[in-house]
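The structure presented is a predicted model; accordingly, all values stated were derived computationally and were not measured.
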Amino acid sequence: MNDRAGTGAFEARMERPVSGRPSPDGQWGYHQPQPQPLAYGVPRQLHSGDRVPVEPEPERQTQISPQRVPVRLAALPMAPDREPAVERIARAPDARYARQVVAFDGPQRAGTIVVDTPSKFLYLVQPGGQAIRYGIGVGRPGFAWAGLKTISQKREWPDWTPPAEMIRRRPDLPRHMAGGPGNPLGARALYLGSSLYRIHGTNEPHTIGQNVSSGCIRMMNEDVIDLYERIPVGTRVEVL
C-alpha cells in the first residue's frame with residue numbers, strides 16, 4: 001500500500017463517527033469524549049473510548065465508641081465519687097458513757113474509787129449518797145482482774161514503756177513512747193500500787209465501754225483529767 005492510500009484510509013477513519021455520537025459542535029467525526037459527572041451510588045453506562053472515571057472514596061464515618069455507664073449491682077453499694085477521708089482516731093464515744101452525777105448506795109466512803117468492771121463504769125464516791133460516774137474501757141477476756149489498790153503515782157502526759165509480757169505478745173510494739181496525744185496512755189495516768197495496772201486516758205475514745213485493754217482501766221482524756229484533779233495519791237481503789 002502506498003503512502004497516499006494509507007493516508008486516505010486514515011482520513012476515512014478519522015471521518016467515521018466514534019461510538020455513533022456527534023461532536024460537541026454538532027459535527028459527526030472523531031472527538032475526545034468528555035467525562036460525565038459521576039453521581040455517587042448511581043451506575044454509569046460507559047461507551048467504547050470513554051475513560052473510566054475514578055470513583056471518589058466514600059467519606060469515612062468517625063466511629064464513636066459508646067459511652068460506658070457504670071452498672072450498679074443491687075447487692076453492692078455505689079462507690080463514692082471521692083475516696084473517703086481517713087478515719088480519725090477520735091471517733092465519737094458512746095453517749096451512754098458520758099460523765100454524770102448519779103445516786104450511789106454502796107458502803108464505800110466518799111473519795112473512794114469503785115470500778116464496776118462488768119458494767120464498765122468507774123465511780124468516784126461523793127458525800128450524800130452520790131457519785132460521779134465515768135465510762136471506762138476494761139480488760140479483754142483473760143485480762144480482767146479484781147482487788148484493792150491505792151493510787152501510788154500521778155503523771156501528766158505520761159511516757160509509755162510496754163512491759164516485757166506485752167512485748168512478748170506484741171513484738172511489733174515500740175519499746176518506749178514519749179508522752180503526747182499519740183500515746184496510748186492519753187493525757188493522765190494514775191498508777192495502781194506497785195502493779196503494772198493504771199487508770200489512764202486514751203487516744204481511742206470510741207473504745208470506752210468495751211473490753212479492750214490488757215488489764216488497765218482506760219478513760220476518755222477529759223474524764224481522766226477531771227478525776228486526776230479530784231483525787232490525791234493514796235486514794236483507795238476497789239476493782240469489782
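- Considering every non-hydrogen atom in both G186 and P158, the closest pair reads O-CD, 3.5 Å.
- Of all heavy-atom pairs between T161 and H176, the closest is OG1-ND1, 2.8 Å.
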Under the salt bridge (charged side-chain N to carboxylate O under 4.0 Å, His left out) rule, what do E238 and K149 come out as? Steps first, then yes or no, please. CA-CA 7 Å; E238 298 186 17; K149 300 291 181 182; over 6 Å; no
Test side chain to side chain contact (heavy atoms under 4.5 Å, CB included) on W145 and V239; report intermediate values, then the result. CA-CA 7 Å; W145 59 280; V239 180; 3.5 Å; yes
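- Listed for the S119 side chain is no donor-acceptor partner under 3.5 Å among the backbone atoms of D116.
- At a threshold of 4.5 Å between side-chain heavy atoms, the hydrophobic network of Ile, Leu, Val, Met, Phe, Trp and Tyr places Y197 and L122 in one connected group.
- If you look at Y97 and F121, their ring centroids are closer than 6.0 Å.
- Considering only heavy atoms from C-beta on, Y191 comes within 4.5 Å of R155 through its side chain.
- Note that the CZ atom of R169 and the OG atom of S214 stand 4.5 Å from one another [nearest 0.5 Å].
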Would T207 and R218 count as a side-chain hydrogen bond (donor to acceptor under 3.5 Å, both in side chains) if you check the C-alpha gap in whole Å, the side-chain angles of each, and the deciding distance to 0.1 Å? CA-CA 9 Å; T207 62; R218 64 175 62 177; 3.0 Å; yes
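- Both I151 and I132 are assigned to one and the same hydrophobic cluster, defined by single-linkage of ILVMFWY side chains at heavy-atom distances under 4.5 Å.
- Closest approach of G209 and K120 over heavy atoms only: O-CD, 2.9 Å.
- Judged by distance alone, with hydrogens and angles left aside, the side-chain atoms of N183 form a donor-acceptor pair with the main-chain N or O of M177 at under 3.5 Å.
- Side-chain atoms of D159 come within 3.5 Å of backbone atoms of G179 as a donor-acceptor pair (strictly under, hydrogens ignored).
- Hydrophobic clustering (ILVMFWY, side-chain heavy atoms < 4.5 Å, transitive): I208 and Y134 are in distinct clusters.
- Tested against R188 for a side chain to side chain contact (heavy atoms under 4.5 Å, CB included), the candidates I225, L227, D226 yield a single pass: I225.
- Expressed to the nearest 0.5 Å, how far CE of M220 lies from NE2 of H206 amounts to 12.5 Å.
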May I have the step-by-step check of side chain to side chain contact (heavy atoms under 4.5 Å, CB included) for L240 and V115, ending in yes or no? CA-CA 6 Å; L240 309 178; V115 177; over 6 Å; no
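- Judged by distance alone, the side chain of K154 and the main-chain N or O of Y228 form a donor-acceptor pair under 3.5 Å.
- S213 and R140 share no donor-acceptor pair across their side chains, judged by distance under 3.5 Å alone.
- Looking only at distances, no side-chain donor or acceptor of N211 sits under 3.5 Å from a matching main-chain atom of V138.
- Proximity of a side-chain donor or acceptor of W160 to a complementary backbone N or O of P184 within less than 3.5 Å is not detected.
- Between the side chain of D105 and the main chain of G129, no donor-acceptor pair closer than 3.5 Å is present.
- Side-chain atoms of N203 come within 3.5 Å of backbone N or O of G182 as a donor-acceptor pair.
- No donor-acceptor pair under 3.5 Å is formed between the side chain of T202 and the backbone N or O of M219.
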Apply side chain to side chain contact (heavy atoms under 4.5 Å, CB included) to R198 and L185, showing your working. CA-CA 9 Å; R198 289 158 290 221; L185 295 186; 4.1 Å; yes
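- A chain of hydrophobic side-chain contacts below 4.5 Å, direct or via other Ile, Leu, Val, Met, Phe, Trp or Tyr residues, connects L192 to L190.
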So I231 and L124, side chain to side chain contact (heavy atoms under 4.5 Å, CB included) or not? Walk me through it. CA-CA 9 Å; I231 58 103; L124 177 58; 3.7 Å; yes
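- Linking ILVMFWY side-chain heavy atoms closer than 4.5 Å, directly or via other members, places I199 and V125 in two distinct hydrophobic clusters.
- By the 4.5 Å heavy-atom criterion applied to side chains, I167 and L173 are counted as neighbours.
- Between T112 and Y123 the shortest side-chain heavy-atom distance does not fall below 4.5 Å.
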